Amino acid sequence: MSTAPAPLPGDSPGDVVVDWYASAARDLPWRQPGVDAWAVLVSEVMLQQTPVARVEPAWRAWLARWPSPADLAAAPTGEVIRAWGKLGYPRRAMRLQAAAAAIATDHGNVVPSDVATLESLPGIGTYTARAVACFGYGQRQPVVDTNVRRVVARLVHGRAEALPARATDLADVEALAPADHDRAVRFSVAVMELGALVCVARTPRCGSCPVRTVCAWRLAGSPAHDGPPRRVQRFAGTDRQVRGRLLDVLRGTTEPVEAAQLDAVWSDPVQRSRCLDSLLSDGLVVQTDDDRFALPS
DNA sequence: AAATCGTGGCT
DNA sequence: TAGCCAAGATT
């Protein structure tokens with residue numbers, strides 16, 4: 001073994017990231033003291049694939065209207081879909097309402113604090129469950145999202161890009177977390193924030209990175225990504241675009257609409273009807289007795 | 001387990 | 001401009 005000095009306990013990369021967070025973190029509303037686990041849960045679901053800037057106003061309005069799970073559970077689903085607005089992936093809104101109903105009826109209207117129980121709720125997967133347990137309940141939990149996987153890929157593994165999600169991700173992050181409980185809890189938000197603000201995907205700002213001197217990727221000379229390029233999803237012309245247009249029509253009215261009004265949003269009748277069918281089967285749209293279409297009641 | 005599910009800002 | 005990218009979950 002070499003005689004290189006062991007890093008001081010308080011100066012581990014995890015500690016450095018926690019200290020960096022104290023001065024660099026964004027002032028996001030769901031991070032305010034007093035924000036309860038329900039509000040955290042709502043923020044996490046909204047933030048699944050939707051940028052922070054678009055979530056903020058929707059989150060405030062949502063919680064003003066439905067301050068507890070039971071409130072959301074009691075709302076007409078159509079109103080829930082309308083309130084979701086253009087956050088995207090509207091099935092998340094339905095799943096959030098379904099999760100709220102389960103919380104209200106099975107958990108006394110209290111968001112579960114146990115990761116396994118959280119994961120059993122609709123729309124809550126491994127990331128969101130841990131995020132709620134950690135951010136909402138102050139538990140020491142590894143929280144691994146796309147930001148964290150990218151930071152770990154670079155800092156620990158010396159790779160330019162994140163590997164696809166793996167079972168070892170949680171262990172990688174746990175290994176970085178400070179020993180102290182409270183600092184470990186803050187570390188979970190802090191690594192995410194580092195990935196969101198500094199260790200970003202396209203043009204990492206290594207010059208202002210608090211752990212640049214110990215980053216395996218930098219130390220290796222910032223090698224380019226070698227694995228297979230991950231292909232980004234096309235959007236124009238896809239069913240996703242068509243579904244979005246169809247739903248946008250229904251969001252804009254309270255009165256059910258004739259099929260002809262929906263025909264206007266997409267010229268290909270085959271794709272259009274396929275998409276309408278999929279919205280119906282998702283429960284995002286319903287057909288009335290007189291064969292018009294509307295958001296569910 | 002790869003494909004699918006919205007939307008809009010940024011480069 | 002057209003692709004890249006954003007706190008994933010589900011099947």
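Every chain is numbered from 1 and lettered A, B, ... according to where its sequence line falls, protein lines coming before strand lines. Bear in mind that the values here come from a model prediction, so they are computed numbers and not experimental data.
Following rounding to the nearest Å, A:W30 (CH2) and C:dA7 (P) show an atom-to-atom distance of 12 Å. To the nearest angstrom, C1' of C:dC5 lies 11 Å from CG of A:N147. Note: CD1 (A:I81) to P (B:dT7) measures 12 Å, nearest angstrom. When the C1' atom of C:dA6 is taken as reference, atom CD of A:E193 falls 14 Å away, rounded to whole Å. Atoms CZ (A:R91) and C1' (B:dT4) sit 7 Å apart, rounded to a whole Å.
Comment: A:D263 engages A:R272 in a salt bridge, judged by a side-chain N to carboxylate O separation of less than 4.0 angstrom. Electrostatic pairing of A:R149 and A:D172 does not count as a salt bridge here, judged by no charged N lying under 4.0 Å from a carboxylate O. Using a 4.0 Å cut-off between a side-chain N of Lys or Arg and a carboxylate O of Asp or Glu, A:R230 and A:E161 do not qualify as a salt bridge. Taking 4.0 Å as the cut-off between side-chain N and carboxylate O, A:R245 and A:D248 do not count as a salt-bridged pair.
Side chain to side chain, A:R92 and A:Q49 fail the donor-acceptor criterion of an N or O pair below 3.5 Å. Side-chain N/O atoms of A:Q48 and A:Y127 include no donor and acceptor closer than 3.5 Å. A side-chain donor from one of A:Q97 and A:T77 sits under 3.5 Å from a side-chain acceptor of the other.
Using a 4.0 Å heavy-atom criterion, one finds that A:D239 contacts the sugar-phosphate atoms exclusively. Using a 4.0 Å heavy-atom criterion, one finds that A:R150 contacts the sugar-phosphate atoms exclusively. When heavy atoms are screened at a 4.0 angstrom cut-off, A:G125 is found touching the sugar-phosphate backbone but no base atom. At a threshold of 4.0 angstrom between heavy atoms, the contacts of A:Q233 include nucleobase atoms, whether or not backbone atoms are also involved. Residue contacts shown for A:L28 include a base, since a base heavy atom lies under 4.0 Å away. Nucleic acid contact class of A:A131 (heavy atoms, under 4.0 Å, all strands): none. At the heavy-atom level, A:T238 lies nowhere under 4.0 Å from the strands shown. Using a 4.0 Å heavy-atom criterion, one finds that A:T146 contacts the sugar-phosphate atoms exclusively. In this structure, A:W84 reaches neither bases nor backbone, as no heavy-atom distance under 4.0 Å exists between it and the strands shown. Counting non-hydrogen atoms under 4.0 angstrom, A:T128 reaches the backbone sugars and phosphates but no base. The residue A:R231 sits close only to the backbone: its heavy atoms come under 4.0 Å of sugar-phosphate atoms, none of a base. The residue A:L87 sits close to a base: some heavy atom pair falls under 4.0 Å.
The A:T126 side chain lies nearest to C:dA9 when the options are C:dA9, C:dA6, C:dA7. The side chain of A:A196 lies closest to C:dA7 when the candidates are C:dA9, C:dA7, B:dA3. With distances taken from any side-chain atom of A:R202 to the nucleotides C:dG8, B:dC10, C:dA9, the minimum falls on B:dC10. The side chain of A:P90 lies closest to B:dG6 when the candidates are B:dC5, C:dA7, B:dG6. Checking C:dA6, C:dA7, B:dT11 against the side-chain heavy atoms of A:P51 singles out C:dA6 as nearest. When distances are taken from the side chain of A:R240 to each of B:dT7, C:dA6, C:dG8, the shortest belongs to B:dT7. Listed candidates were B:dG6, C:dG8, C:dA7. Nearest to the side chain of A:T50 is B:dG6.
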**OP:** Using the side chain to side chain contact (heavy atoms under 4.5 Å, CB included) rule, take A:L250 and A:L279 through it: C-alpha gap first, then chi angles, then the decisive distance, then the call.
**Re:** CA-CA 11 Å; A:L250 299 177; A:L279 288 169; over 6 Å; no
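A:R274 has no side-chain polar atom (N or O) that falls below the 4.0 Å cut-off from OP1 or OP2 of B:dT4. Not one side-chain nitrogen or oxygen of A:R92 sits closer than 4.0 Å to the OP1 or OP2 atom of B:dT7. For B:dG6, the OP1/OP2 oxygens have a side-chain nitrogen or oxygen of A:R243 closer than 4.0 Å.
Residues from residues 260-273 of chain A that place a heavy atom under 4.0 Å from any atom of DNA chain B: there are none.
Hydrophobic clustering (ILVMFWY, side-chain heavy atoms < 4.5 Å, transitive): A:V185 and A:W30 are in distinct clusters.
Looking at A:Q49, its side chain has no donor and acceptor atom pair within 3.5 Å of the base of B:dC5. For A:R54 against B:dT7, a side-chain-to-base donor-acceptor contact under 3.5 Å is present.
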